[in-house]
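A short write-up of the structure that comes next.
We name chains A, B, ... by the order of the sequence lines, and we start the count at 1 in each one. Computed from a prediction, not measured in an experiment: that's the story for all the values here.
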Amino acid sequence: MKISFKNLAPWLGLLIGISISCLLALFFKESPIHIFKVLVTSFLNSKFDMGLTLFYTTCLIFSGLAFALPMKAGLFHIGSEGQILFSALIAAYIGSLVVPYDNSFSIIFSFIYVCMITLLSGALAALLLALFKLFRQAHEVVVAIMLNFVFAALTTWLTVNHLQNPESQNPETGLISPALRFLQNDFLKLYFDNSAVSSFLLVAILACFILGYLEKKTLIGYQIRAFGQNPQAAERIGISSKKILILSLGLAGVFSACVSLTEVFGNTFQYKIGFSPQYGFLGIAVALLARQNFVGIIGSAFLMACLHKGASDLDLETEFLTRDFSRVLQAVIIFSVAASYYAFSRKNTVNKKRKN
Amino acid sequence: MDSILVLLLLSTLRLTLPLFFAAMGGYFSEKSGVAQIALESYLLVGAFTAASVSFFSGSVIFGYISAAVVTALFAQIFCLLILKLKGNSIVIGTGMNLLAMGIIPIVSKSLFNSTGSTPSLELPTYNSWLPYIILIAVIFVSYWLSEKTIWGLQMKFAGEKKLALQSVGIDSITRQWQSLTYSAFITGLGGAVLSTALSSSYSPLMSAGRGFIALAALIFSGWNLTRSLFVCLFFGFCEALQIQLQSNQLISSYVAAEFIQMIPYAATLLALLLFKSKFSPPVELR
């Protein structure tokens with residue numbers, strides 16, 4: 001891969017973003033250097049913390065993919081938060097219903113069965129969005145936000161009124177059936193002192209490479225990119241907009257569902273209300289940082305995971321800054337990365353003109 | 001039965017107040033050619049500023065003024081990133097929403113030592129007529145600005161055809177910048193209504209998607225100022241209905257609270273589903 005100034009622009013933007021957020025801390029009478037230290041080094045504290053960071057990385061890779069894929073087709077998909085909640089509830093519910101026999105074939109079969117249903121539910125939730133876009137030309141952002149609210153209310157109602165875990169005071173569903181909790185003994189989880197991380201990390205990394213291959217080397221990847229660059233031209237050469245919309249949003253829903261699989265089958269083995277620290281929105285920053293490059297998402301997801309982990313430690317480490325600082329950090333990073341595209345690419349074109 | 005109906009109509013009017021302001025704010029931004037999904041953050045910033053300034057100064061009028069000014073200042077980040085640094089307005093708008101959600105608890109923690117609500121205002125500080133007077137004034141000023149002045153025409157041309165504006169020697173970016181600032185100014189007033197007239201303090205995320213609902217209202221109305229106000233009334237009615245239903249014991253024993261709370265959002269979706277908009281957006285909207 002060629003490393004040019006243009007490819008580095010988002011990373012420079014990231015650096016600027018982190019420094020701005022650290023300087024923001026001055027307003028709240030905190031030392032920027034201390035904040036920076038907490039943000040950057042908190043994932044190194046222990047093996048458990050590293051595992052937690054890798055767990056965030058897994059979720060962020062999936063949610064980053066869920067944003068980046070429709071972005072290739074020119075769609076702003078900010079509805080993954082609702083899809084994550086919906087499919088996580090489905091995963092926890094179906095997971096508790098399915099009780100496999102005591103042999104490995106049955107366990108694997110029922111695991112795949114539950115996964116399939118979860119992925120399907122995520123895809124269906126995302127297809128709602130595609131339907132609005134296709135038949136009503138409604139703005140996908142407005143529809144997505146409304147759907148997020150509806151899904152949040154729906155899952156809360158289902159959890160509290162119908163699926164509440166009777167042994168717990170917290171609003172959460174019961175655990176999934178014991179045989180399906182085999183990821184408790186996952187080798188990654190054991191290595192990181194029973195932290196939240198699980199083998200889904202490997203799935204996430206694999207998914208990035210597969211998508212990178214599909215995008216560059218296959219017809220369908222080319223069609224999605226062509227549609228994103230110029231919808232009118234793409235329609236004229238016979239690329240169906242329906243197909244592109246349904247495919248890209250459906251796949252995005254599948255990746256949103258992967259986030260919930262990671263949570264339900266890799267970490268808590270149940271659905272907890274408020275388990276997601278808005279992974280759907282964190283994914284936007286991840287995808288932007290990688291310039292929608294599928295393989296680059298791995299790196300940017302790890303980086304955002306470290307920052308997210310650091311920001312949630314700020315609660316303990318400082319007096320005034322709370323975990324809400326994570327949102328400020330995301331926002332500033334989104335701003336500086338989005339702005340850096342223009343700021344640095346303009347410099348590039350000016351240089352090129354001079355050369356000519 | 002009559003009293004319930006009257007109550008419903010009155011609360012419709014009351015609950016539509018912030019939507020009116022937000023929809024007008026959205027109008028001025030979308031008409032000038034900038035897609036505006038940061039209305040939510042403006043409402044939040046306005047609400048928080050109004051609540052805390054009125055608390056410290058003891059005067060709601062001062063709260064309104066400072067809410068509008070602070071929101072307009074906050075919007076300068078949006079303007080700078082979109083107009084000068086050519087960021088994508090949807091991406092930046094999402095970032096603005098995150099920023100507002102993140103920065104308010106931190107400021108609140110250093111002012112009041114709590115990340116939750118601000119301390120509530122005492123009763124005499126909020127006046128029930130003030131928001132209506134401000135609303136009428138803002139509607140008049142907005143209508144006059146957009147329909148009766150040259151500035152309004154130029155602002156709309158920035159959204160419809162930039163080249164035409166440039167060919168008469170006017171910088172379209174300047175018009176967009178002014179329009180976006182005005183948009184944030186009035187949306188901030190809407191936020192102030194939210195925290196000082198509809199309730200007596202700021203509580204976290206109190207805008208509850210109203211910015212997006214206002215945007216949806218604007219889109220239904222076909223980017224038309226007067227029509228959008230009537231569409232807002234419909235959404236306000238849904239919200240009033242929700243609150244009435246929740247307080248009605250007979251109904252809330254049959255229908256879960258979550259479903260009743262869903263009404264405004266579901267109504268937005270339903271409206272998007274049922275009515276296909278025959279209007280087209282401003283040409284240069286992006």
For A:Ala331 and B:Gly95 the tightest heavy-atom approach is CB-O, 3.2 Å
Interatomic distance, CG@A:Leu282 vs CG@B:Leu98, rounded to 0.5 Å, equals 8.0 Å
With chain A, the option among B:Gly102, B:Ala208, B:Gly93 that has the most non-hydrogen atom pairs under 4.5 Å is B:Gly102
Margin query: Side chains of B:Thr94 and A:Phe76, heavy atoms from C-beta outward: is any pair under 4.5 Å?
Written below: no
When the 4.5 angstrom heavy-atom criterion is applied to B:Leu269 and chain A, the contacting part is both
Closest heavy-atom pair, B:Phe212 versus A:Ile145, reported as atoms and distance to 0.1 Å, is CD1-CG2, 3.5 Å
When the 4.5 angstrom heavy-atom criterion is applied to B:Leu81 and chain A, the contacting part is side chain
Requested in this report: Flag yes if more than 12 heavy atoms outside B:Gln166 fall under 6.0 Å of its CD atom; otherwise flag no.
Outcome: yes
In this structure, CZ of A:Phe149 is separated from OG1 of B:Thr268 (nearest 0.5 Å) by 10.0 Å
One option among B:Leu80, B:Val91, B:Ile77, B:Ile82 has the most heavy-atom pairs under 4.5 Å with chain A, and it is B:Val91
Student check: side-chain heavy atoms of A:Asn148 and B:Tyr265 closer than 4.5 Å: no
Heavy-atom closest pair (B:Gly209 atom, A:Met146 atom, distance to 0.1 Å) is O-CE, 4.2 Å
Under 4.5 Å to a heavy atom of chain B? For A:Leu288 that would be side chain
